[in-house]
Each structure stands twice: as C-alpha cells, then as structure tokens.
2 protein chains.
Amino acid sequence: MSKKDPTILETPENSFQIVESLKELDGANLTEIARHTGLAKSTVHDHLSTLQYHNYVVKEDDEYNVGLGFFEIGEYARRRLKVYQTARPEIKELAKETGELANLMVEEHGRGVYLHRERGDNAVTLDTYTGKRRYLHRTALGKAILAHLPEDRVNEILDQHGLPQATENTITDREKLFDELEKIRDEDIAYCRQERVNGLKCVAAPFLSSNNEVLGAISVAAPTTRMKGERFEEEIPELVLQAANVIEINVTYS
Amino acid sequence: MSKKDPTILETPENSFQIVESLKELDGANLTEIARHTGLAKSTVHDHLSTLQYHNYVVKEDDEYNVGLGFFEIGEYARRRLKVYQTARPEIKELAKETGELANLMVEEHGRGVYLHRERGDNAVTLDTYTGKRRYLHRTALGKAILAHLPEDRVNEILDQHGLPQATENTITDREKLFDELEKIRDEDIAYCRQERVNGLKCVAAPFLSSNNEVLGAISVAAPTTRMKGERFEEEIPELVLQAANVIEINVTYS
DNA sequence: CTGAGTGTTCCTTTCTCGGGAACTCTCTTC
DNA sequence: GAAGAGAGTTCCCGAGAAAGGAACACTCAG
C-alpha cells in the first residue's frame, strides 16, 4: 500500500514500444511504426537511429526489423542460467527416447518462458518456439511450476495475469486450479489434456533446489493419438520424472 | 560528408548502457552499476524499474541481472532469418559427419554473429557461443563473408573496426587481407589457420543469394591435431562446400 | 548502539525529447 | 516531363521528463 509505484521512464519506454511494434508487425517502415505507436515520425526516427546504433534494429532495404543485438544479449541471459546448462543434455536424451518434443520452461515475472526444446524423430510442430512466453495455468509445464510456488505467489500471479481460456479444457476457475496443483504435488507429475491446444497432450515434471524452491520444469508433448493408455499414464511420466530427478541432482551438486 | 550525424537519444542510451554493464559485470547491484556507468544512483534506480517492468532485467535476491525479455525478442530476431531456418539441418548434418564443431555466421553492421552451432561427437569447446559477435577478418567464416562483399563495403568495415590482432597469425595488413580474399573467391573456401585462437583451425564456405549477395557462411572448426593433411585440405572442405551449396539452393528456391 | 553499506524517495533545475512543419528524394501517374 | 503522393530527413521551439543531489529507510556487523 504505502509503497510508491516505481517510476517508469517514458523515453526508454518509447524505444521498447518501437521494438515491440517491429516484432508485432514483423518488420515495418518508419511511417507504419509512427502510426502503430502513435508517436511523431521525427520521434520514431530518432529512436530508430539510436536503436540501430546498438544493433537492436537493422534497416533492410525498405523496412526496419529487430536486429541481432537482442539475440546477443538474450543468449547471454539464457546461458547464464544454471538450469539451462544442466537440463540441456537431459532434454536431448528425453526427446531421443520418446521420439517426441521435449521442453524446458522456467518462470519469470509470473509467466513461463520456454528456454530450450529438442525434437525427437516424430516430434509435432507447434506454434511454440524457444523464447516464447506463456501463461502458466494452461500448460503442463506451467502447472508443474505453479504447484511448487508458495500459495501467496500463485495468487499474486493469478491476480496479475488471470486465467484466460484457450480451449474448452482450460482451467479457468481458481478453486479447480488449486485442486489440480494439489494433485500435481502428490504425484510429482503434471498433465495437460488439450488445455491450451486441441489435439495436444503433455506430461511435465518440475525440479527443485535444495531448499525446495522450484527452478523449472521439463515436459514431453505429443498428439493425443500417441498420448493414451499406458504410454500416457506410465511410460512417458516415468521417463520425464527420471530426467527431472537427474537435473535436480546435477543442479544442486555441481 | 553533408549527411548529418544521426541523433542519438541519451535516455535510451543510458538504459542500454546499464544493460551492458549488467552483462559485463555478470550481475551487479544498484550501487555497482551506478559506479560503473557514472550515473547517479537515483537515475539507475529509475532505469532499472523501467527495464524490470519489461522483463529486460530481473532482480534476484541481492543483485540485478539481464532478464529473459532479451531472449524472447532475440529468438524472434534469429528465427525471422531465412538463412537460419534453412541452414540449421545442414549444420547438424555437418557436425554429425565430421564429428567436429559446425557453425553458422551472418554479418551485421560490419561484424560477424554466430547464429547457430552444432556439436559433433568430438567437438572442441570454445570461448565462442551462439550470439557472440566477432571481427570478420580473423575467422574463416568472417573472411568467407568479406570475400563476397563489395570492395567499398569491405573498406568501410575495415575503417570502422580495424584489423585488431589476436594471435601471431592474424592478418593485420589490409593488402594481405585483400590478397587472401581474392584467393577465397577463387577456391570458394576460406581457411583459418590459428588466426584467432592458437591450436584451432577452421574451414568455411559462404552461400550467396541469386543476385550474388552473400547471405552468410558455415564452417567446421577443429584442433590443429585433427586438421591436417588430406582431411584439412580436401575431405572437410568438400563437405563444407557441399553443405553450403545445399543451403544456397534451399534459400533461393523455397 | 553505532556506522557503513545498501536501496528508495523527494525535490529542483536543466536541457532532452517530442511534435509540427518544412524540406528532400524517389517513384508513379498522367 | 510535370505534378503529386509517399517515403524519410532535418530543423526548431517549448513543455516537461530525466538526472542529480540530498535526505531518508533498512539491514547487517561489530
């Protein structure tokens, strides 16, 4: 209550907004950006010059695009994370064993970020790509993470981001979600049954630090046709769980 | 001459400088950043709040770090590039066939950016990682790219970045470099003989668009002990060249 | 209890940034 | 080849944003 709202600087804000526009429009010229952001052309022009100077923006013939400066720093941000380093080989193994798509997710500011993926021989192609940010409540990975966050934090996240629906199976009720999280804690495994994408099921397991803080989660995703019966209920969960255990140990003791 | 210097906005500039500090210091607290950038604590504080709001910065217990916001946009910037999409499978194949480290580089603003790497079974571990920016004149990849840029552009790049030395084999003379580039154009293959790192040799080949613009280059890197005789002069060049050809065709016709 | 180190907040001044308008330049179109 | 539409660029001015300094909380160590 008494805490002051943090000061947000307007000028950098505008810079970021311009980059965001570039991403949303998938490349644009100066005039389009000005229209999209509501800023004056001259303003956008100065921002673009500044961004270009730092490789954050590139100009290719007749349009501007996001540059590789972001990639450079972004890769640094990922490599810096110990979970990424230790989980990578396990994810690879998991994809190979199952032939499906294996994923690694961590939480940042209340949402899930896919840090890494590895494709097995039969892996589905999804709209999800590395770097993508997702709501936690509608993926197996996200639920696995939520299940191990303190209840206060979970409520905080839900207050901030809500429970937007994606399919008819999405959990949109807070009570129901908490029940589900309870079950996930019991079994140490989270399932996603077409809650974000129709036709897709996932199995995920979290891994924790030595003082029981959740560090992230890994999952296997596959079409419903291959995700049923024993494979869905035992075989894959077992593999995912094992991999998560290995990661947990390696993160702690290395 | 007559062209006005582009306007660089100071406030975003400060934001970027703070992020850069975070990367250089590999995480830092507010006071350290203030010292490092020469800005007032209160100023840094406001910038950090703004950056945090956009996931560009995260605060973990007692220090600030670069956040995954950069990763999110950076991945978008990479995926957007057609070269990346088409080269990826070929790089993988190349790593598998040779057992060594295979790389993809593109040029941006006069320097080379590693877009992707794939490790074969015997791959060396290098200081280079994906996203890393390098001088063009001292890697095989960079020279392969330089060889196919217009001469004016090459001179422009050299004016801007110079020819800094890394080992006793680095080419530091402009004349010599141009001779080398000529040779590369003849053979369609570039070599790096311990010009950036002692003990490391590379073989690289560029790929061009239909109107002869260079799009990027791929390479195989290995320790000198495995890079000699026929393997270095024929076997590996042949594989790299083939892969580059496949990429060139796929980029053009798909 | 004190002191040194954080991070945060407030206030004041300065000069940066944003908008508007004028100016190029390059293509189209007639 | 003149006229016009659209782009990007440059210039200028006034409002108000951002930077700095100082004072204020907090935490931890001794």
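A, B, ... follow the sequence lines: proteins, then strands. Residue 1 opens every chain.
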Asker: Look at His47(A) and dC17(C) and indicate whether a side-chain polar atom (N or O) is within less than 4.0 Å of OP1 or OP2.
Answerer: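 Negative; the distance criterion is not met.
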Asker: Examine the base of dG18(C) for any acceptor or donor lying under 3.5 Å from a partner atom in the side chain of Ser42(A), and report the outcome as yes or no.
Answerer: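 Check fails, no donor-acceptor contact within cut-off.
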Asker: Whole angstroms only, please: what is the CG-C1' distance between Leu39(A) and dG20(C)?
Answerer: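 From Leu39(A) CG to dG20(C) C1': 14 Å.
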Asker: When you check the gap from the basic side-chain N to the acidic O, do Glu195(A) and Lys143(A) get nearer than 4.0 Å?
Answerer: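 Here Glu195(A) pairs with Lys143(A) in a salt bridge, since their nearest N and O are under 4.0 Å apart.
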Asker: Round to a whole Å and report the spacing from CD1 of Ile33(A) to C1' of dG6(D).
Answerer: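 Computing the Ile33(A):CD1 to dG6(D):C1' distance gives 16 Å.
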Asker: In whole angstrom, what separates Lys59(A)'s NZ from dA7(D)'s P?
Answerer: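 Going from Lys59(A) (NZ) to dA7(D) (P), I get 13 Å.
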Asker: What is the nucleic acid contact for Asp46(A), judged by heavy atoms within less than 4.0 Å: base, sugar-phosphate only, or nothing?
Answerer: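 Result for Asp46(A) = nothing.
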Asker: Rounded to whole angstrom units, what separation is found between the NE2 atom of His45(B) and the P atom of dA25(D)?
Answerer: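 It works out to 15 Å between those atoms.
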Asker: Are OP1 or OP2 of dG18(C) and a side-chain N or O of Asn14(A) less than 4.0 angstrom apart?
Answerer: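 Looking at the OP1 and OP2 atoms of dG18(C), one of them is under 4.0 Å from a side-chain N or O of Asn14(A).
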Asker: Starting at CG of Asp61(B) and ending at C1' of dC28(D), how long is that distance when rounded to a whole Å?
Answerer: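 Atom CG in Asp61(B) sits about 16 Å away from atom C1' in dC28(D).
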Asker: Could you work out which one of dG20(D), dT6(C), dG19(C) sits closest to the side chain of Thr43(B)?
Answerer: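 Within the option list, the nearest is dG20(D).
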Asker: When you measure from the side-chain N and O atoms of Thr11(B) to the phosphate of dT16(C), is any distance below 4.0 Å, counting only OP1 and OP2?
Answerer: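 No.
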Asker: Determine the contact category for Asp62(A): base if any of its heavy atoms lies under 4.0 Å from a base atom, sugar-phosphate if only primed atoms, P, OP1 or OP2 are that close, otherwise nothing.
Answerer: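 Touches nothing.
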Asker: Specify the separation, in whole Å, of atom CD of Glu10(A) and atom P of dA15(D).
Answerer: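 The distance from CD of Glu10(A) to P of dA15(D) comes to 16 Å, rounded to the nearest Å.
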Asker: Any carboxylate oxygen within less than 4.0 angstrom of a Lys/Arg side-chain nitrogen, looking at Lys183(B) and Glu180(B)?
Answerer: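 Looking at Glu180(B) together with Lys183(B), the answer is no, because their closest N to O distance does not fall below 4.0 Å.
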Asker: Walk me through whether Ile157(B) and Leu136(B) qualify under side chain to side chain contact (heavy atoms under 4.5 Å, CB included).
Answerer: CA-CA 9 Å; Ile157(B) 290 173; Leu136(B) 291 169; 4.2 Å; yes
Asker: Are Glu72(B) and Lys23(A) close enough for a salt bridge, meaning some N to O gap below 4.0 Å?
Answerer: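 Lys23(A) and Glu72(B): salt-bridged.
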Asker: Quick test of your reading of the model: are Lys41(B) and Asp46(B) salt-bridged, counting only N-O distances below 4.0 Å?
Answerer: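 No, Lys41(B) and Asp46(B) are not salt-bridged.
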Asker: State whether Thr31(A) places a side-chain N or O below 4.0 Å from either non-bridging phosphate oxygen (OP1 or OP2) of dG8(D).
Answerer: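 Answer yes for this pair, as a side-chain N or O of Thr31(A) is under 4.0 Å from OP1 or OP2.
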Asker: Taking only the side-chain heavy atoms of Leu9(A) (C-beta and beyond), determine which of dG7(C), dC17(C), dA18(D) contains the nearest atom.
Answerer: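 Closest nucleotide among those given: dA18(D).
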Asker: How many Å lie between CG on Leu48(B) and P on dT8(C), as a whole number?
Answerer: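 Interatomic distance, CG of Leu48(B) to P of dT8(C): 9 Å.
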Asker: Quick one: the side chain of Lys41(B) and the base of dG7(C), do they pair up donor-acceptor inside 3.5 Å?
Answerer: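 By the distance-only test, yes, there is a pair.
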Asker: Could you give the CZ-to-P distance, from Arg35(B) to dG7(C), as a whole number of Å?
Answerer: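 Atom-to-atom, Arg35(B) to dG7(C), this comes out as 10 Å.
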Asker: In terms of the nearest nucleotide of DNA chain D, which residue is placed more toward the 5' end: Leu30(A) or Ile8(A)?
Answerer: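 Of the two residues, Leu30(A) wins.
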